[in-house]
Number of protein chains: 2
Amino acid sequence: MQASPTSAFLLTQIGTHAAQEFARRVAELDLTPPQAGLLRAVAIEPGRSQQAIARQLGTPATRLVALVDDLERRGLVQRRRNPDDRRLYAVDLTEAGRALMARIGRVAREHDDALLDGLEPAERERLRELLSRIAESQQLTSGVHPGYRALGSTAGHDC
Amino acid sequence: MQASPTSAFLLTQIGTHAAQEFARRVAELDLTPPQAGLLRAVAIEPGRSQQAIARQLGTPATRLVALVDDLERRGLVQRRRNPDDRRLYAVDLTEAGRALMARIGRVAREHDDALLDGLEPAERERLRELLSRIAESQQLTSGVHPGYRALGSTAGHDC
DNA sequence: TATTGTTATACTCTATAACTATA
DNA sequence: TATAGTTATAGAGTATAACAATA
């Protein structure tokens, strides 16, 4: 047996590997991928409420509380009450959070470069275009990938 | 902000989406992705011991016991003692297991086709070639992707 | 009454370690 | 003593549900 793998299999295999490698790299900044994703979400659109962020990331609001708690204890984000509606917190990056985001950006570029090691520049460009088309056709356009919530046992083989 | 995503990000995003879609499809066969992966591993190389399968999949042997238990209860695989070394079990597919593998194969093809919906045949071929090159350069050649074990919190964002 | 944020609880999944049998 | 398989335990991580404050 051992048929040649489908593109779907390769995409799952490589995507999983990429996520693991990224996790390994950001761990050196004492961050988990969900924490890095939250920082990124706050950086892209500061000042939103936790509910709004949770809706965008497709994760339960209760999970964000713990994430924000932790990042706030470390001085990377801050909550500030909205005086117009005192139920809401606005979540922002601190100066330290912005500095860390710059480091995460460097890590992400290194990660991308290492992953595409086997491809030449023109091939990388072709790949990027094909992947963008898939992301668009699968409606993954938001820049937040659906794996923010638990993959858990849904990860795994793809035949 | 909102820089255009790197290929690494797109690969993680699409790979996660692909894994979720595959999970959704095999769930209609009452299978989890790890179960489907185990069936596939047994189909490719029948008669191996649980330890050997565990080593290949990079998962603790104790986890395989539960997986094999469940599939055996459902009549999809069978254990048979090795008379030469009575410590070992040989794991094989049953007739029902082989029939189910055929259905899984159909599901995988449908899955692959749906995922590549936005690409024309020539583009699909180019993509497959580029992905194969990445898998090779990242040493993911075995046909078993590294996400067999827990992704858990390592899943998530990729900046 | 509806919504934001929070806390408490329960559940799923996985790995680690201890145990039995065969060699 | 080493290895295959098994069982039992504990831990991490998540979601669900109940609660407090504000609108």
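Proteins come first, then strands; the chains are lettered A, B, ... in the order of their sequence lines, and each starts at number 1. These numbers come from a predicted model, not from an experiment.
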Trainee: Using whole Å, what does the distance between atom P of nucleotide C:dT12 and atom CG of B:Asp70 come to?
Mentor: 14 Å

Trainee: Which donor-acceptor pairs under 3.5 Å do the side chains of residues 45-52 of chain A make with protein atoms, sequence neighbours left out?
Mentor:
{"from": "A:Arg48", "atom 1": "NE", "to": "A:Glu45", "atom 2": "O", "distance (Å)": "3.4"}
{"from": "A:Arg48", "atom 1": "NH1", "to": "A:Gln56", "atom 2": "OE1", "distance (Å)": "3.0"}
{"from": "A:Arg48", "atom 1": "NH2", "to": "A:Ala41", "atom 2": "O", "distance (Å)": "3.3"}
{"from": "A:Arg48", "atom 1": "NH2", "to": "A:Gln56", "atom 2": "OE1", "distance (Å)": "2.8"}
{"from": "A:Ser49", "atom 1": "OG", "to": "A:Ala52", "atom 2": "N", "distance (Å)": "3.1"}
{"from": "A:Gln50", "atom 1": "OE1", "to": "A:Arg79", "atom 2": "NE", "distance (Å)": "2.8"}
{"from": "A:Gln50", "atom 1": "OE1", "to": "A:Arg79", "atom 2": "NH2", "distance (Å)": "3.1"}

Trainee: For each nucleotide in nucleotides 17-23 of chain D, reading 5' to 3', give B when a protein heavy atom comes within less than 4.0 Å of its base, S when such contact involves only the sugar-phosphate, and - otherwise.
Mentor: -----BS

Trainee: Please report the distance, rounded to the nearest Å, between CG in B:Leu88 and C1' in C:dA21.
Mentor: 12 Å

Trainee: Please examine the side chains of A:Gln138 and B:Ile14, heavy atoms only from C-beta on, and report whether any two atoms are closer than 4.5 Å.
Mentor: no

Trainee: Expressed as a whole number of angstroms, how long is the span from A:Leu57:CG to D:dT14:C1'?
Mentor: 15 Å

Trainee: Among residues at least two apart in sequence or on other chains, which ones pass salt bridge (charged side-chain N to carboxylate O under 4.0 Å, His left out) with A:Glu123?
Mentor: B:Arg133

Trainee: What residues, two or more places apart in sequence or in another chain, satisfy side chain to side chain contact (heavy atoms under 4.5 Å, CB included) together with B:Arg25?
Mentor: B:Val107, B:Glu110, B:His111, B:Ala114

Trainee: With a 4.0 Å limit, can you tell me whether A:Arg79 has a side-chain N or O closer than that to the phosphate oxygens OP1/OP2 of C:dT6?
Mentor: yes

Trainee: Under the rule for side-chain hydrogen bond (donor to acceptor under 3.5 Å, both in side chains), what residues qualify as partners of B:Arg24, not counting sequence neighbours?
Mentor: B:Glu21

Trainee: Given atom CZ of B:Arg63 and atom C1' of D:dT6, what is their separation to the nearest angstrom?
Mentor: 17 Å

Trainee: Can you measure B:Gln50 atom CD to D:dT3 atom C1' for me and round it to whole angstrom units?
Mentor: 13 Å

Trainee: A:Tyr89 has a side chain; which of C:dT4, C:dT6, D:dT7 sits nearest to it?
Mentor: C:dT6

Trainee: Separation of A:Glu72 atom CD from C:dG5 atom C1', in whole Å?
Mentor: 13 Å

Trainee: Send over the distance from A:Leu64 CG to C:dT7 P, rounded to a whole Å.
Mentor: 14 Å

Trainee: If the condition is side chain to side chain contact (heavy atoms under 4.5 Å, CB included), which residues does A:Arg98 pass it with, not counting sequence neighbours?
Mentor: A:Leu93, A:Glu95

